[in-house]
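Read the structure below first, then the notes.
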Amino acid sequence: MTLLEVKSLSKTYAVEAGIFRRRVGAVKALEGVSFSLESGRSLGLVGESGSGKTTLARILAGFLEADGGSVLWEGRPRESFSRNEWASRVQMVFQDPTASLNPKLRVRTLLDEALGQRARWDRTALSGRELKERRIRLLNDVGLPPDAGEAYPHQFSGGQKQRIAIARALAAGPRLLLADEPVSSLDLSVQAQILNLLADLREKFNLAVILISHDLTVVRQLTDRVLVLAGGRSAEEGETARVLAAPQSPATRNLLAAVPALLR
Amino acid sequence: MTALLEVRDLRVEYRRGNVAAVRGVSIDLAPGESLGLAGESGSGKSTLALSVLRLLAPEAVRAVTGRILFKGRDVLTLADRELRSLRGGAVATVFQDPFSALNPVLTVGEQIEEVLELHAGGRNPARVRDLLARVRLPEPDRIYSSYPHQLSGGQRQRVCLAMAVAGGPELLIADEPTTALDVTVQREILDLLDSLRRDLGMALLLVTHNIGLLSERTDRLGIMYAGELVEVGPTRTVLSDPRHPYTQGLLKSLPRLTKTADRLPALPGQPPDLGRLPAGCPFRPRCPGAFDRCEKESPVLRPVQGAADRAAACHLLP
């Protein structure tokens with residue numbers, strides 16, 4: 001079943017200059033990009049900086065409005081969803097877990113807030129015991145012990161912080177996870193653990209994943225399909241294994257050439 | 001051949017957290033040779049690289065022991081004046097962030113002229129243009145009078161490289177020189193680094209967390225873990241036939257274009273907290289082959305049997 005359908009999406013940023021912010025030009029960040037994503041499947045979104053992948057991710061997350069085209073969720077336009085309705089379907093995980101977790105809150109509080117929010121969206125309430133049960137299950141889902149809730153984010157290593165950020169995203173009960181460079185700030189020996197965790201969660205919750213990355217080895221490991229962006233346009237799209245084995249566009253070939261021989 | 005750089009039993013302790021970031025590392029670099037140092041956060045690779053020119057903030061460091069011999073002279077005991085002439089002269093550096101390495105209010109040309117004034121007998125605009133062309137910057141005249149903010153990240157790193165080689169160094173220390181750049185630009189900068197090293201006959205110490213980048217760029221490779229050098233040898237053989245369980249586990253866990261399974265054989269655990277190192281071998285808690293000796297005794301780096309050019313620090317090795 002098609003979960004998400006993106007049809008000729010466009011976004012233009014104004015270029016302003018001077019103290020009166022006079023509009024002097026425009027940059028087309030995204031131009032006619034289309035793709036669709038099936039429920040429980042994964043898509044890699046790759047390209048260099050300036051390719052439009054971050055703009056696309058921000059539109060999908062609901063942080064940014066597109067100028068043209070449409071985003072459909074099970075056939076329904078994104079604009080027809082309230083902010084909360086969208087957040088209960090689509091959640092995001094960022095590159096730097098240190099910046100994305102409030103340092104003043106215990107992990108327990110971070111997760112309970114997200115769980116409580118989801119319950120309110122569903123117009124239900126959770127008892128203290130239910131909340132605790134769900135929190136412990138969530139921690140277990142991401143490979144953390146139950147008592148991890150008592151600590152503050154800074155007491156964890158980078159990999160564990162990313163697990164917490166993933167748990168918080170899952171607390172909203174999403175069916176699509178947008179993961180923006182989820183392992184590139186982590187230590188090399190920890191990256192495989194997080195990639196495996198994302199693969200496990202996909203299977204367990206039939207979670208669809210859009211992985212935004214510049215690293216084709218990570219995209220190969222985690223995704224079924226890949227969309228290569230260049231200069232705001234779709235350069236190539238298809239099955240990840242096939243696209244990377246027989247690239248058709250210069251953009252894909254460039255990114256492939258950047259992969260060290262060791263990892264080919 | 002005599003070594004250009006000899007690091008002997010180097011130990012660096014920081015005041016903060018009262019930890020030793022480098023714990024007894026010895027390593028040599030021959031003239032013209034390129035050595036890669038790979039490691040994760042807390043491995044001590046950057047501390048080691050910065051120590052070579054005594055670039056660590058003095059107030060942050062509690063003690064530095066051991067010896068760092070550059071052409072036979074101990075950098076750790078050099079007078080300030082000698083140290084200043086070494087920095088940017090015989091030993092040059094390039095860092096991760098080219099923007100903060102450049103002076104924002106001086107033109108590119110002016111900054112390179114300053115290096116020539118200090119280390120190459122005086123200002124010389126023709127030589128500056130030659131250097132800019134050498135790092136493959138287009139339109140050297142325009143770049144000469146540009147300010148850093150007018151250049152792209154890759155161009156700025158090229159300017160840093162031009163400044164680094166302006167003093168005619170025998171050793172270039174590059175600490176994560178491409179980490180802040182786009183992947184396709186990374187490759188260009190590494191290619192440039194490679195060709196500069198060959199053309200100018202410099203030795204290169206290339207420090208990075210990205211072990212893949214080192215595979216094609218360095219003659220020898222050292223792997224650091226928790227402040228120790230755990231394995232060293234010719235890059236090709238270390239990567240194709242790693243001997244230390246950390247190097248083995250790390251290389252096996254990396255995702256590759258030739259994907260073989262839906263789950264990667266990940267290493268368990270995380271790099272250790274230097275303030276709370278386990279007794280014995282620092283890798284023991286994550287090691288699949290650990291036995292009782294590993295808990296009692298920290299292994300020392302020793303030659304690998306049958307490979308005189310290789311060494312590893314592990315009790316499992318014969």
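Letters A, B, ... mirror the listed sequences (proteins, then strands); counts begin at 1.
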Answer key: most heavy-atom pairs under 4.5 Å with chain B among A:N254, A:V190, A:N196, A:V259 is A:N196

Turns out that what part of A:L195 lies under 4.5 Å from chain B's heavy atoms comes down to side chain

Closest-packed option against chain A by number of heavy-atom pairs under 4.5 Å, given B:G269, B:P265, B:P255 | B:P255

Measure distances from B:A38 to the heavy atoms of chain A and classify the residue's part below 4.5 Å as side chain, backbone, both or neither.
-> neither

Chain A: which of B:R187, B:R217, B:E216, B:R263 shares the most heavy-atom pairs with it under 4.5 Å?
-> B:R263

What distance separates A:T240 OG1 from B:L257 CG, expressed to the nearest 0.5 Å?
-> 11.0 Å

Which heavy atom in A:P260 sits nearest to a heavy atom in B:G212, and how many Å separate them?
-> CB-O, 3.1 Å

When B:T260, B:L267, B:L251 are compared by non-hydrogen pairs under 4.5 Å with chain A, the top option | B:L267

Ignoring hydrogens and geometry, is there a side-chain-to-backbone donor-acceptor pair from A:E48 to B:V183 under 3.5 Å?
-> no

To the nearest 0.5 Å, atom CD1 of B:I211 lies from atom CG of A:L263 at 9.0 Å

Given a strict heavy-atom distance threshold of 4.5 Å, which part of B:D262 is in contact with chain A: side chain, backbone, both, or neither?
-> backbone

A:L262 and B:L214: side chain to side chain contact (heavy atoms under 4.5 Å, CB included), yes or no, with the steps?
-> CA-CA 9 Å; A:L262 178 71; B:L214 297 170; over 6 Å; no

To the nearest 0.5 Å, atom CG of B:D182 lies from atom CG of A:L255 at 8.5 Å

Side chain, backbone, both or neither of A:L186 within contact of chain B (heavy atoms, under 4.5 Å) | neither

Atom of B:P271, atom of A:D187 and distance for their closest heavy-atom approach | CG-OD2, 3.4 Å

Indicate yes or no for a side-chain donor-acceptor contact from B:Q270 to the backbone of A:S157 under 3.5 Å, with no hydrogens or angles considered.
-> no

Where the side chain of A:Q221 meets the backbone of B:R256, is there a donor-acceptor pair that is under 3.5 Å apart?
-> no

Roughly how far, to the nearest 0.5 Å, is OG of A:S49 from CG of B:L181?
-> 9.5 Å

Walk me through it: do A:Q191 and B:L254 pass the test side chain to side chain contact (heavy atoms under 4.5 Å, CB included)?
-> CA-CA 8 Å; A:Q191 293 189 3; B:L254 299 177; 5.9 Å; no

Could you look at A:L244 and say if it's the side chain, the backbone, both or neither that has a heavy atom under 4.5 Å from chain B?
-> side chain

Looking at B:Q186, B:H209, B:R286, which one has more heavy-atom pairs under 4.5 Å with chain A than the rest?
-> B:R286

